[in-house]
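To start, the structure under review is shown below, and the notes come after it.
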Amino acid sequence: MKNPLANRLVILGIVLVFFAAACAHTIPAGAVGFRVESNVADATVWVDDILVGKAADWAKDGKHIRAGFHRIEIRHPGYYSFFQEVELTAGSQTLVKAQLRELIQ
């Protein structure tokens, strides 16, 4: 015996899951598409002195951050840090290429 209410609830649940996934990828107003490429994949990415993740995570899909002036720094123990100041404008896509160099022993 089939329960029409249970079938509707299952369908509603599936729709809500897809809706939540779509909302999770909504780009905030005034956001800028931002990617980082580094020769050291597990280097950390800092935006305005705030740790925001690993370089590998920012390379493949990129992230979105607010438009404006930012200081981008890429760090990893045993390497000189890379930094760049950038002005990001809304609606743009920005790529920062960080070539880290090993510390001289």
Side-chain angles (χ1 to χ4, degrees):
M1 183 184 262
K2 294 188 178 190
N3 184 342
L5 179 59
N7 290 342
R8 288 182 184 162
L9 289 175
V10 168
I11 291 170
L12 178 61
I14 292 169
V15 169
L16 288 175
V17 167
F18 282 109
F19 179 74
C23 289
H25 291 82
T26 301
I27 300 169
V32 177
F34 183 73
R35 289 185 31 223
V36 172
E37 288 182 1
S38 174
N39 60 317
V40 182
D42 62 337
T44 55
V45 178
W46 298 73
V47 177
D48 301 326
D49 294 322
I50 298 171
L51 175 63
V52 295
K54 298 279 187 182
D57 297 333
W58 285 73
K60 57 183 173 189
D61 298 326
K63 306 286 182 183
H64 288 89
I65 62 174
R66 64 181 163 73
F69 287 96
H70 296 282
R71 184 176 195 274
I72 310 301
E73 187 169 359
I74 314 301
R75 302 178 189 171
H76 191 280
Y79 291 83
Y80 290 102
S81 293
F82 169 92
F83 74 92
Q84 182 175 346
E85 292 180 349
V86 295
E87 180 180 11
L88 306 175
T89 56
S92 68
Q93 295 288 320
T94 301
L95 170 64
V96 171
K97 292 185 177 186
Q99 188 69 23
L100 299 183
R101 299 209 167 117
E102 289 189 59
L103 288 171
I104 299 171
Q105 300 291 323

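Among the candidates I74, T44, V45, the single residue satisfying the side-chain contact (heavy atoms from CB on, under 4.5 Å) test with S38 is I74.
How far CD of E102 is from OH of Y80: 10.5 Å, rounded to the nearest 0.5 Å. One distance of note links CG of L88 with NE2 of H64; it measures 11.5 Å at 0.5 Å rounding. Atom CD of Q84 and atom NZ of K97 lie 11.5 Å apart (nearest 0.5 Å). Annotation: the span from R75 atom CZ to L51 atom CG amounts to 8.0 Å, rounded to 0.5 Å.
For the pair H70 and I65, the minimum side-chain heavy-atom distance is below 4.5 Å. A heavy-atom distance below 4.5 Å is not found between the side chains of V96 and R35.
Smallest separation of non-hydrogen atoms from A43 and L100: CB-CD1, 3.8 Å.
Taken together through direct or relayed side-chain contacts under 4.5 Å among Ile, Leu, Val, Met, Phe, Trp and Tyr, V86 and V52 form part of one hydrophobic cluster. Follow the hydrophobic side-chain contacts under 4.5 Å out from V36 and you reach Y79 in the same cluster.
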For I72 and W46, run side chain to side chain contact (heavy atoms under 4.5 Å, CB included): C-alpha distance rounded to whole Å, both residues' side-chain angles, the deciding distance at 0.1 Å, then the answer. CA-CA 6 Å; I72 310 301; W46 298 73; over 6 Å; no
Determine, stepwise, if the pair D48 / F69 fulfils side chain to side chain contact (heavy atoms under 4.5 Å, CB included). CA-CA 9 Å; D48 301 326; F69 287 96; over 6 Å; no
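Within a 6.0 Å sphere centred on CZ of R101, heavy atoms belonging to other residues, nucleotides or ligands number 12 at most. In this structure, F83 places its CZ atom where only 12 or fewer heavy-atom neighbours from other residues, nucleotides or ligands lie under 6.0 Å away.
Between the K54 side chain and the D42 main chain, a donor and an acceptor come within less than 3.5 Å of each other.
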